[in-house]
Structures are given as C-alpha cells and as structure tokens.
Student: 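Before I ask anything, let me first share the structure, which is written out below as structure tokens.
Below, chain A is the first sequence line, B the second, and so on; all start at residue 1.
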Amino acid sequence: MSKETKPSVELRIPILKDMELVATNTADVIAKYMELSEEASGEISMALIEATINAFEHSESQKDIFINFTISDDELTIKVIDKGKGFDSEGIQIPDIDSKLKKQERKRGWGVMLIKELMDSVDYESGNDGTTLTMTKKKKNEQDN
Amino acid sequence: MGGLDYFLGTQSVKYQKEAISYFREIEKSKVGLNKFDIHFLHEDYQVVFYPIFCKNETIGFVYGNNTVSNAQKLLSFSSLLSRKLAGIFYEKRIRKIESRASIKDLEFESIVQLTNMLSFCEDLSNETLEYILIHLVSLYAASKGMFILRDSNTNIYEVRATFEIQSEDLPKRMLTDNKGLLSELKNTNKTFLLKPDQFNLVKFVKQNSICSPIYFRGNLLGCIILADKESRRGFVNFSSKDANLFDSLTKEISLTINNLKLIDDLQSTNNLIDNIMTSIEAGIIKFTEFGEIEYVNKKAIDVIGLEREDIQNQYYGIIFAENESFLEVISNFEESESANNKVQIIKNVPYVNSNRVSRTLDTTISPVFDKNNDRSGFILSFDDISDMQKVKTTFKKYVSGNIVDEILDDNSKTDLGGTLTNACVLFADIRGFTSFSEKTTASDLVAILNKYFTDMIDVVYEFNGTLDKIIGDELMVLFGIPNNSDQDCQNAVDCGITMFKRLDRFNEELEKQNNHKLRIGIGIHFGEVVAGNIGSDKQMNYTVIGDNVNQAARFCSHARPNEIIISESVYDNISNKSLFTDQIFINVKGKEKSIPVRSFTHKLN
C-alpha cells in the first residue's frame with residue numbers, strides 16, 4: 001500500500017432482498033461528495049444495481065458480497081467482489097435481443113452490456129475464490145461537456 | 001488489501017471479515033458506545049477506518065489517510081452514509097405501513113358502504129337479501145354468490161338469493177345443518193375458504209369460494225357464499241385477507257339480519273296480540289301506573305267513540321271526563337288498589353260517548369304485573385251489556401220482569417227442573433166469555449181482549465205479581481215467584497180487588513162504544529208449589545205446578561162474576577180480613593171433602 005491512501009468506502013452486503021439499495025444509496029452519497037453530475041450519478045446507480053444483482057446471482061453462494069468505492073480527484077472506481085465460484089469473462093455473450101424480447105425478460109439479463117454502456121471502463125477478474133468486477137466513472141469537467 | 005492488520009484501540013484484528021465480526025462483538029457488549037467515535041487505525045497509523053452502520057450493524061467502512069483534515073471528512077462521510085442507509089429502510093417500512101393502511105382503509109370504506117346500505121334494509125324479504133348479496137359480489141369481484149337463510153318455523157335452510165348460479169346448480173335436497181358445509185359452519189362459527197368439490201353445496205365453484213356464517217343469538221341462521229373471484233387473468237383465488245374482511249362484513253350483516261328478524265318477530269307478535277284483542281268482544285283498556293291509556297282494543301274504541309290516536313297516551317281523566325260513573329270505577333280502583341291488588345268488578349255502569357250513544361257496561365279492573373312481578377299498570381275490561389238491556393226490556397213485555405231478571409241474571413235458571421216453594425196463585429177469567437164472543441166481531445173481540453189484558457196486566461205489575469200465562473180469556477198470576485215475601489197474599493188480594501176497579505173503568509169505555517160489559521171471577525190460593533222450567537230444551541216455561549195451583553183454578557171457576565174466592569191460607573195472611581165473608585164450604589172437583597173458603601164481592605160504586 002502506498003503512502004497515499006485514497007478516500008475509500010468498503011461495504012459488506014449480505015445477499016438479501018433490497019440490499020442492492022444500500023449500494024446505490026452509498027453511490028449516491030459518494031457521487032454527491034465528488035460533485036458528479038446527476039446524470040452520472042444515475043448511471044452509476046444503474047450500473048451498480050446490475051453489478052450487485054449479477055454478483056448475487058452469479059456467485060451462487062450464500063456469502064456476503066463486498067463493494068469497494070475508491071474516490072480520486074478525477075474518477076470513481078467501484079469494485080464488486082463476490083466469493084462464489086468465478087466465471088469466464090471471455091465466455092460472456094452479448095444477449096440475443098430478439099430472443100430476450102420474445103421471452104419478455106425485459107428487465108434483466110442485460111447486466112454486463114448495460115454496465116459497459118453506463119460506465120467508462122469495466123473489467124473482470126475471476127478466479128476460484130470469486131470474481132471482482134471493477135468499473136470506473138470519470139469525473140468530467142464542465143468544459144468537456 | 002488482505003493480510004493487513006487493523007486496530008481498535010490496542011486490539012489487532014485481520015481486515016474485513018474478522019474486523020467486522022470483532023466490531024459486532026464490541027457493539028453488542030458495549031451498550032451506549034457512541035458509534036461515530038469508533039474507528040480503526042491501520043498498523044502503520046497511516047490509514048483510518050470509520051464504520052458504516054446499517055440496521056444497527058456495521059456494514060462497511062469509510063477509510064483514507066489519517067491526516068486531521070481528512071479524518072474529519074471521512075468521519076462525517078461515514079455518518080452521512082449511515083444516516084442515508086438507515087433512511088432506506090425507514091422508507092421501506094413506512095411504505096409497508098402505508099400499503100397496510102391503505103388495505104385497512106379499503107376495508108373500512110367497504111364496511112362503511114355496507115353499513116350505509118344495510119341501514120336502508122327494512123325487512124327480510126328476498127329482495128333485501130339479493131340487494132346485500134349483489135353488493136358483496138361487486139365488492140369482491142366475485143362471479144357468483146348465494147345467500148342461504150334458515151326458516152325459523154321449519155328449521156330448514158333455504159336459498160333466498162343467488163347471483164349468476166344456474167338453477168341446476170342449486171341444492172336439490174332440503175338443506176339442514178346435520179351434515180356438510182352448514183354443519184361445519186354451525187360447529188366452527190368460522191369463515192372458510194373452500195375448494196371446489198369440497199362440499200356438495202359449492203359444486204358450482206370453479207376456482208375457490210369464501211363462505212361465512214350468519215348467526216342469530218349464537219345459532220346458525222344461514223350463510224353467504226361468494227365464488228370465483230374475477231380478475232384480468234381470469235378466475236383467481238380469494239385470499240385469506242379477503243376471507244378476513246368478509247368475516248367482518250358478514251358479522252355486520254348478521255347484526256342487521258338479527259335486528260330485522262327481531263323487528264319481524266315483534267311485528268308478528270304485535271299483530272297476533274292486535275288480532276286477538278280485536279276479536280275479543282269485550283272492551284280492553286290498558287292503563288300505565290300513572291293513569292295514562294297505553295292500549296285500547298277495537299271494541300273499546302267503538303264504545304269510547306274517538307280515534308285510537310286520540311285515546312292512546314292520554315290521561316284517563318281527560319278521556320272519561322264526561323262519564324262520572326265510569327271515571328269513578330277507575331278512580332275507586334286506583335284509590336283502593338294499593339292496599340289490595342284485587343280484581344274489582346262493577347256492573348251496570350252507564351256510559352255515554354262523544355256521539356251521545358249511551359250504553360251499559362259491566363266492568364272488571366285488574367292490576368297488571370310484569371315478569372319481575374312489579375306492578376306495571378292495570379287493565380279495565382268491560383262487557384257492553386246494552387244489548388242485553390234491550391233484550392230485557394223487550395222480553396219483559398212478554399214475560400214478567402221478575403222472571404226475566406231471574407232468568408238472565410242466573411244461567412242455572414234456564415236448566416230444566418224445579419224447586420219446591422211457597423207461592424200465592426191467582427186465576428182470573430171472564431164470565432160469559434162464550435156468549436160475549438158470539439155477539440162481537442172477531443176483530444173487535446181481539447181489540448177488546450188486548451185492551452182488557454193490558455189493563456189487567458198493568459194491575460198485576462203494580463202489585464209485584466208475575467204474569468205466568470194467559471190461557472184464552474184466563475189470566476194466571478203468581479205472587480212470591482221467583483222471590484217470596486210475606487206480602488205475597490196481601491198483594492194477590494189487593495191485586496184482585498184492584499182488577500175489579502180497573503175493569504169498572506174499562507166497562508164504562510165499552511158501554512160508550514155500545515159493547516157489552518165484561519165480568520170476571522177470581523180465585524186465589526196460597527200453598528206449596530213446584531216452580532221451575534217446565535217443557536223441553538227447545539221450549540220451556542218458567543211456571544209453577546202442583547195441587548195448590550189446580551185448587552186456585554178451581555176457586556176461580558167457582559167464583560161468580562165480581563167475586564173473589566180465597567182459601568183459608570190466604571185469609572190468614574191478609575190484613576183486610578173484614579172484606580171477606582165467614583167461612584163457607586165448597587166442593588171442588590178432585591177433592592172428596594168440601595173445602596173452607598171465604599169470598600169477597602165487588603160492588604159497583
């Protein structure tokens with residue numbers, strides 16, 4: 001660990017109904033603290049919901065999941081860590097939109113694709129002891145927009 | 001990140017799981033610990049950790065460089081997060097409460113609606129029940145409904161109202177609560193969610209049904225069944241929440257039905273009492289303890305001659321103000337009753353009503369007690385005997401008033417049979433009636449005879465005699481029948497003498513019309529006779545028979561015109577003995593020995 005430790009928030013969330021709200025509310029507070037735009041804040045929340053629910057579902061374990069927010073001046077890095085069995089990030093398929101529409105599963109199953117759309121970068125690290133999803137949202141200057 | 005040690009005070013713990021579980025223990029053991037003062041320091045003291053709480057548990061940390069300004073920021077950040085996260089669950093709880101409240105609101109609303117609707121129900125007709133059923137069906141979005149009530153007379157349950165149930169699905173047999181659904185309801189007093197085919201009675205159900213009992217004073221009175229809840233997805237099950245609400249609604253309905261039933265029962269009891277009271281020939285007036293008229297029956301209304309509304313709830317002193325004797329009957333009872341709760345009977349009370357119709361009433365007043373044996377007023381009942389009075393007056397024209405009263409006042413007097421009694425018997429007949437009738441036309445004869453008898457009978461009544469009968473031209477008169485007195489013989493003799501005097505005046509009239517004079521002879525005897533009703537059930541005479549009656553008749557036939565012949569027994573009982581001759585002996589038919597008699601001869605003035 002370097003001398004400079006960025007301000008961080010570490011959450012340990014039990015796999016229970018509505019617990020994703022804890023994550024999104026935390027993200028809201030952090031976004032405000034970082035003075036991110038409302039739009040960015042909303043995007044982070046949506047991405048985080050997907051990531052959290054994915055972690056709940058994919059981990060297939062009854063263990064808690066961990067979410068780590070690292071705040072820096074120009075970006076927010078979020079890690080969603082589950083301790084379940086990992087999955088092959090190469091094997092993730094882009095869902096077939098037609099079949100999804102026919103099955104009327106409108107709400108779910110778009111997780112990774114959606115997260116990629118919402119965040120500036122997304123990365124997986126998967127191993128036998130679990131999966132870590134790392135996503136970042138850059139803080140854009142007013143001038144950039 | 002793993003492998004680093006963290007400190008809480010002097011205690012060194014491994015990061016994450018260990019740190020958090022350690023922290024939870026601290027939390028549990030140290031009640032009153034100020035959460036926001038708690039923080040962890042990394043082993044090199046460079047990094048500080050502040051816990052984030054959610055639902056009283058540490059859910060994570062905020063951490064960063066352990067500089068004074070940074071630590072302050074991190075602490076406030078962690079408390080902000082804790083508050084924010086607590087808010088989520090409060091919000092959720094509030095929303096849950098709100099949704100429960102809105103369900104309660106809905107239940108309340110439907111109870112209010114139902115209560116409103118029930119308040120318009122006035123009877124237990126099929127229409128009323130159908131009205132209630134349709135309301136429930138629409139409230140529950142049910143597709144079918146059935147309302148069953150027990151007939152209180154036969155104890156058999158009847159389907160009183162249905163909604164969308166085919167006639168072939170209605171129960172074919174008589175419904176009793178010995179078995180099946182009704183028995184289940186009777187024994188459990190509960191609202192049921194029923195599967196189709198669970199009971200024969202609900203075989204028309206496709207999805208499920210709710211069934212709730214209706215109770216009357218703890219006894220099963222019937223039930224309401226709603227079936228097959230409709231939704232956009234087709235039929236759905238009624239839920240246990242539906243059942244709960246339905247249970248309270250049917251309790252409300254039970255109450256209403258109980259009330260309506262009580263009103264029905266009361267009404268029919270009232271009707272029965274009214275019918276009985278109306279068909280009673282006697283007048284009935286019920287007074288309260290305070291003398292207010294509580295009830296009058298039809299006969300009483302007729303006699304009083306006012307409308308029911310004008311009589312009831314009035315003080316009797318006002319209603320009967322014009323009828324002093326009647327008023328006295330009541331006030332006497334009121335004055336005396338507190339001493340003795342006895343029945344008071346007063347006969348022949350005159351009553352003149354507002355239409356100036358007068359009547360004669362036999363009254364009976366008796367106190368009334370309620371079921372606790374407390375006095376609750378009194379009842380006056382009366383028989384209108386005005387008709388009886390009319391009968392008496394008419395009757396007395398044909399039969400002596402003495403006998404009429406005797407017979408009418410005592411029913412036993414109309415039984416066949418007689419009693420041995422003393423009586424004075426007078427016979428009077430017209431002398432030479434045959435030749436008289438030959439010389440006179442029939443119509444004149446009847447006119448003359450009628451006048452003659454009228455005059456003579458007037459005399460008889462004057463002397464308290466009882467006209468027994470008229471046999472052709474002969475009068476038979478009794479004295480001492482039905483009631484003896486020691487004046488009977490005197491009356492008989494005076495009656496005979498007066499008859500001659502009256503006849504003199506009568507003859508003067510006859511002479512003026514060129515008719516022949518009438519002459520009569522009289523025989524009087526006093527002795528033991530048998531008095532009573534003689535004849536058959538259909539026709540009987542109150543009369544006297546016996547040897548002494550015959551003897552009086554013999555004396556009469558022995559008497560010359562203007563002569564009275566009396567026996568010694570009569571002579572012994574009169575004061576004006578000097579009017580009569582000394583003893584003379586006469587022979588009468590049927591007697592071997594001659595009999596001593598005395599005679600009086602009437603002389604024209």
Student: Just give me the residue among Leu74(B), Asn70(B), Val62(B) that pairs up with chain A most often, heavy atom to heavy atom, under 4.5 Å.
Tutor: Val62(B)

Student: Taking every non-hydrogen pair under 4.5 Å, which of Leu21(A), Thr70(A), Ile71(A), Ile67(A) racks up the most with chain B?
Tutor: Leu21(A)

Student: So does Gln72(B) have more than 12 non-hydrogen atoms from other groups sitting under 6.0 Å from CD?
Tutor: no

Student: Rounded to the nearest 0.5 Å, how far apart are OG1 of Thr26(A) and CG of Leu81(B)?
Tutor: 5.0 Å

Student: Please check if the number of heavy atoms outside Glu117(A) that lie under 6.0 Å from its CD is greater than 12.
Tutor: no

Student: Considering residues, nucleotides and ligands other than Lys144(B), do more than 12 of their heavy atoms fall under 6.0 Å from its NZ?
Tutor: yes

Student: In the structure I gave you, are the side-chain heavy atoms of Val29(A) and Phe77(B) within less than 4.5 Å of one another anywhere?
Tutor: yes

Student: Report the distance from atom NZ of Lys84(B) to atom OG1 of Thr24(A), rounding to the nearest 0.5 Å.
Tutor: 8.5 Å

Student: Can you tell me if Asp73(A) has over 12 outside heavy atoms packed within less than 6.0 Å of its CG?
Tutor: no

Student: A quick test of your reading: do over 12 heavy atoms of other residues, nucleotides or ligands sit less than 6.0 Å from NZ of Lys195(B)?
Tutor: no

